[in-house]
Amino acid sequence: MSEPDRRYHAPMARRAPGAAPLLAMTLLLGAGAGGCGGAAPPGRQASRDRGGAAQAALPDARGRAAQGALVTMVTPSLLLPDLVGERGVVASEAGSRRVLIDRMRIVAHDDGSLERAVELLPNGHVTALKLPTRLGGGYLFYASNRGSAQLWRAQGWLAPLEPLVQLPSEANEIIAGFDRLYARLSHSHRLLAIDAQTGEAMPLGPLPPASAYGQLAFADGWRAVVEADLRGPLVTFDAGTTWRPIEIDARPTSLAVIGGDPAVMTANGFYSVDARGGVTYRTLETPEDVEDAPARAPGPFGRRPLRAAVEDGWPDSSSTAVVARGGALARVSLRDGAVIDVAPDAYPEREAACHAIRAGASFGFVCGERDGATTIYAFQPPLGVRRFMRFEDPRFVAASGNGALVIRGSCGARSGPRQGAYCIVAADGSAREIHVRAPARDVGVERVVALSDGRVAVLSPPRPGASGQLTLLKGSDVTTVPLVLPGKPRSTVRDLQRGMWLEGFEEREPGILGGWVEAGGPIVGVRIDVKSGNVTAGAPRQDGTGALLAGRFALSLGEGERSAESTDGGMTWRSIELPERDDDTAAPRTRACGPVGCVFKGWIRVGWGKTALPDDLAEAKPPPVLQTPLRAGSPIAMRCEALGSSTPPLPDRPSAAPAARPPQPSARPPSKETASSAWAPFRNTAPPALGADEIGFDNGAPYDIVTVRAYAWGKRGADWSRAGRWLMRFDDRFDPEGGVRSSAVSASPWSDEGTAAEALGVVNYGTASWGAYLDPGGRAALTHVCRGAGCSLYAVSEGLPVLPLRDGAGRAGSFLRPFPSGAVRLGETWFFVTPGGSYDAVALWRADLGIARQLATYHRPARTSYGVDPPRLVRRALGGGVGLLISTAPDPGVRAGSWHVLPIDRDTGALGDAVPLGRKDLVDTPLDRCQPGQDGWLLDTGLEGSPSFDLGGSYPSVDGAEFRLRLDPGTACVEAMSVRMQGIFSKAPERQLDVAASAIPLAATERTTGRRWRLRCERKDAVR
């Protein structure tokens, strides 16, 4: 349904199709009518015309000429968002607010004035960041949409946007660091460093080395607090040269800058770090004696005087409009919405709603109170009004477009009971009263217009079966002119016959009427020649959302199409672009148009026609895509010499296998039956020999990187706690001489064969998962057997009895599964790391003589730990140090990241400063065989960059290359290497490679047979 300006165009019922033709109306002059709504203003004598009606004192053309010609339309146009509350507010400053809304940058001043930037930001979520002076000042704007983030810079909030860079992923946040920007990527929550001036990628730089980072807060160019993975909040006072932990008693919830100092927020308070390094705890409670500053009471025009001017004002120049509200009169700038001048006590009706209309040679205001009086004021320059008509009841007042007014009801102060009365006020101020008589069903459908030549035109709209007519009244003379509808197009003719001819018809040109017809969806503008009755129709405009109509002005928002405007009563339409809006349920639902512009759907559109700037509201130029070409490095290439096989042969006869179903011990309930197992060899090493009356059970992980197998045996039905035995075997894959390690034969920890079968996971009910964590020395392993979330751990060392681990409460099966490569043996003590009590916690354990205690808990930043390598334990090769090995992200243009180690205090679990160990591909690091007495951090690991091996002969494909390294800052050596082969290795090489006897040993294992080969290798680029 189309929407007329309902302030002075009352709605009327639609006539149903097929109704009886509208009867000709009888028009009578109101003879001897009463005064025209109250006394004339003092100092001016009211005159009488022939009909006896009082002559109102409207401003004449001479008074308006002193101020310039009457402005009937504002042009060019300007689109601004209609700000409501705090929506879109980014920051509040002295006297203004910075607003980011509907892809626009706005400065909203406290006086109601608005400033808008020319460019539009792209669709999607847009965020602004004020840059510190150390990064050049100004503002950064970034938009995340469709899998990427676009960044722009601007010297000021409204300054032109300078494209900076487009990131390959959406960004959750942008942070201003010491000398660069940090973008947190949405898909991985990892940080990317960007040059704030050029947009080029940079290393993470002064941040402390860490696998992941949580929140970051930079107070100035020297101080910051950063949440580092495992280490927690760290603070720096020298721009990142050194970092130290903050000793706090609670789990941090966030980081911030409070009062210029970096702060760590907790649930009930925060720890503030001053410039001298002092840490002060403060609560978040607000003192009772602190009161909020009282909000400033808005004036009569509220915080949005521009909306008031567009909705209810009239332009008194090309750049200003006058609006009346709350007893005050204001002149508002149409460029920015600032109130230029105010007359605070311009009229007494403070509760009335006032709307501007054209009246006489100038304009005026119709002010009405709900169910109360209606007062008409004439504008009086420079900024005042003069009352010239008042009615004690609500009245419908329509402007005729030429300065004359049509008021429904008599010209007296109160409208009489007689229907069909109209008070006609001519442009010169003379008033007279007419009456329209019609059948009851046709009362109110007429459209009355006062013509500029003194006549009154009463329009009877067409209906099915009747073309309608014009009745022209001049004094006592009545002339009827039939309407002549256009012949085509037929759809338009049908719309004119069946549609509703809306209120608000006016004289657009002398003798030419104009108005609007709504036809149940389409809206049609029409022009009527008063002399001939010819009707001209404009192009129909489809608008399911309802067009905004006000006199000759119309705005059609459209539905699924471009919006359009008309300033000639719908004869022509001009397409306009409206940006997409953010969803806002609080946006005002009122809509209105007039000569100043339109307000609708959260927009304020000042003026009509084209914009002042041809590129106004053009979308910002997209920034260039981030380019970080990789610097290709040569991967490590090794050439090797085969020395022979070291795998023992299979035994001629297998050991006696256990019975298929041994008898159930009497001590066990009959529901738990024992089961047989394979009693299989381990890497071609035969299992323990079984006696004729013995039964054995075995299980393990034959296909893991660290292979392991457990064997338990004893006599059937005997007390296994006395007569049972067991041992474990595991493999050191780096040992070219075979690598099979075996514990000493140990006393059984189980009372009978049923309990042993259940513990090893041999029984049919309940599944057990076996695994092992090899100490990088290759002579010990921490094995586990897990059922669900609980695991039993066993410390296994070559030649020593198996040692079950228990916690402080004596429980043996309540450990969580350790992280891969998460265990090391230091002397007789084991250290291992497991998940903590929550997904973002890591627990460090220390086990002495089989008793394990949790030494420390380290926290990982929320969400950022996903996709980050779990921490792993390393130890010194010769010394007594133990540490957590972490991987840091690669620098821009580099494929491989770096290793750092966090030394651990063996008694408290406290972490030391990160020690750099080099890049994870070791491309630029010399690799030699470790020498006796050479120390370093010992770890078993693969290398990034796909190292290659030339074995010197016909050999299958090689994969799974790993290195046993000793690393220290700037140095690296290799103890041994291991690879796996997909086929059978040929003993006879096709060519003999010249490899030094002091080269690095290599253990190559055939996947299918388990056979291991001894080789020695050196880098192909080695010079001897």
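Given the structure is predicted, the values throughout are model-derived calculations rather than measurements. Starting from 1, each residue takes its place in the sequence as its number.
Contact check for I523 versus D495: no side-chain heavy atoms found under the 4.5 Å cut-off. The shortest distance between side-chain heavy atoms of L383 and V322 falls below 4.5 Å. Residues V535 and P486 have side chains in contact (heavy-atom distance under 4.5 Å, counting atoms from C-beta outward). Proximity of V406 to V397: side-chain heavy atoms (C-beta onward) are nowhere separated by under 4.5 Å. Between F505 and V449, some side-chain heavy-atom pair lies under the 4.5 Å cut-off. For the pair V448/V456, a side-chain contact is recorded, criterion being any heavy-atom separation below 4.5 Å from C-beta on. The side-chain heavy atoms of D543 and P522, taken from C-beta on, include no pair separated by under 4.5 Å. Within the 4.5 Å cutoff, side-chain heavy atoms of M73 are placed close to those of T567.
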Exercise. Between V436 and T471, does a side-chain contact (heavy atoms from CB on, under 4.5 Å) hold up when you go through it step by step?
Worked result: CA-CA 11 Å; V436 177; T471 303; over 6 Å; no
For this session: Begin with the C-alpha distance, continue with both residues' side-chain angles, and end with the deciding distance and a verdict on salt bridge (charged side-chain N to carboxylate O under 4.0 Å, His left out) for R408 and E446.
Result: CA-CA 11 Å; R408 187 170 293 161; E446 71 277 1; 5.7 Å; no
Problem set entry | Step-by-step side-chain contact (heavy atoms from CB on, under 4.5 Å) determination, W603 to D102 | CA-CA 10 Å; W603 293 111; D102 298 331; 3.7 Å; yes
Exercise. Does the pair F600 and L557 meet the rule for a side-chain contact (heavy atoms from CB on, under 4.5 Å), with working shown?
Worked result: CA-CA 9 Å; F600 57 95; L557 302 180; 3.5 Å; yes
Problem set entry | salt bridge (charged side-chain N to carboxylate O under 4.0 Å, His left out) between E506 and R552, worked out | CA-CA 9 Å; E506 59 185 14; R552 63 189 179 98; 5.7 Å; no
Problem set entry | Pair E509-R527, salt bridge (charged side-chain N to carboxylate O under 4.0 Å, His left out): steps then yes or no | CA-CA 10 Å; E509 300 172 13; R527 292 167 62 92; 3.0 Å; yes
Exercise. Please walk me through it: do E311 and R304 pass salt bridge (charged side-chain N to carboxylate O under 4.0 Å, His left out)?
Worked result: CA-CA 11 Å; E311 190 173 20; R304 297 179 289 167; over 6 Å; no
Exercise. Step by step, would you call S563 with R605 a side chain to side chain donor-acceptor pair (under 3.5 Å)?
Worked result: CA-CA 13 Å; S563 302; R605 188 169 186 264; over 6 Å; no
For this session: Report the C-alpha separation of V484 and D529 in whole Å, then their side-chain angles, then the decisive distance to 0.1 Å, and conclude whether the side-chain contact (heavy atoms from CB on, under 4.5 Å) test is met.
Result: CA-CA 10 Å; V484 181; D529 189 318; over 6 Å; no
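S566 and D568 share a side-chain donor-acceptor pair at under 3.5 Å. No donor-acceptor contact under 3.5 angstrom links the side chains of R395 and T375, judged on distance only. N402 and S400 share no side-chain donor-acceptor pair at under 3.5 Å. A donor atom on one side chain and an acceptor atom on the other are found under 3.5 Å apart for E507 and S452.
At distances below 3.5 Å, at least one donor-acceptor pair connects side-chain atoms of W314 with backbone N or O atoms of V71. Proximity of a side-chain donor or acceptor of R358 to a complementary backbone N or O of L405 within less than 3.5 Å is not detected. Looking only at distances, no side-chain donor or acceptor of S556 sits under 3.5 Å from a matching main-chain atom of A547. Side-chain N or O atoms of E518 include one that pairs as donor or acceptor with a backbone N or O of G521 at under 3.5 Å.
When the shell of 6.0 Å around CD of E369 is examined, it contains more than 12 heavy atoms from other residues, nucleotides or ligands.
The two residues A537 and T492 come nearest to each other via the heavy atoms CB-CG2, 3.7 Å. Residues A373 and R390 come closest through the heavy atom pair CB-NH2, 3.4 Å. Residues C593 and L555 come closest through the heavy atom pair SG-CB, 4.1 Å. Residues F301 and A330 share a closest heavy-atom pair of CZ-CB, 3.2 Å. Closest non-hydrogen pair, P462 versus L483, comes out as CD-CD1, 4.1 Å. Between G412 and F391, the shortest heavy-atom contact is O-CD2, 3.2 Å.
Expressed to the nearest 0.5 Å, how far OG of S410 lies from NE2 of H435 amounts to 7.5 Å. To the nearest 0.5 Å, atom CD1 of residue I376 and atom SG of residue C354 are 11.5 Å apart. Rounding to the nearest 0.5 Å places CG of L496 at 6.0 Å from CG of L485. Atoms CD and CD1, from E433 and I407 in turn, are 10.5 Å apart once rounded to the nearest 0.5 Å. We find the CZ-OG distance between R331 and S319 to be 10.0 Å, quoted to the nearest 0.5 Å. In this structure, the separation between OG1 on T611 and CG on L79 is 10.0 Å, given to the nearest 0.5 Å.
The only option from Y347, F363, F388 that meets the ring-ring contact (aromatic ring centres under 6.0 Å, His included) definition with Y377 turns out to be Y347. Partner of V530 under the side chain to side chain contact (heavy atoms under 4.5 Å, CB included) criterion, out of L513, D453, T479, L459: L513 alone.
Taking the side-chain contact (heavy atoms from CB on, under 4.5 Å) definition, one finds that R350 meets it with D345, sequence neighbours left out.
Among residue pairs with one or both ends in residues 510-557, those qualifying as ring pair (Phe, Tyr, Trp, His ring centres under 6.0 Å) are F553-W608; sequence neighbours excluded.
The residues D82 and R307 are annotated as salt-bridged, a charged nitrogen and a carboxylate oxygen being separated by less than 4.0 angstrom.
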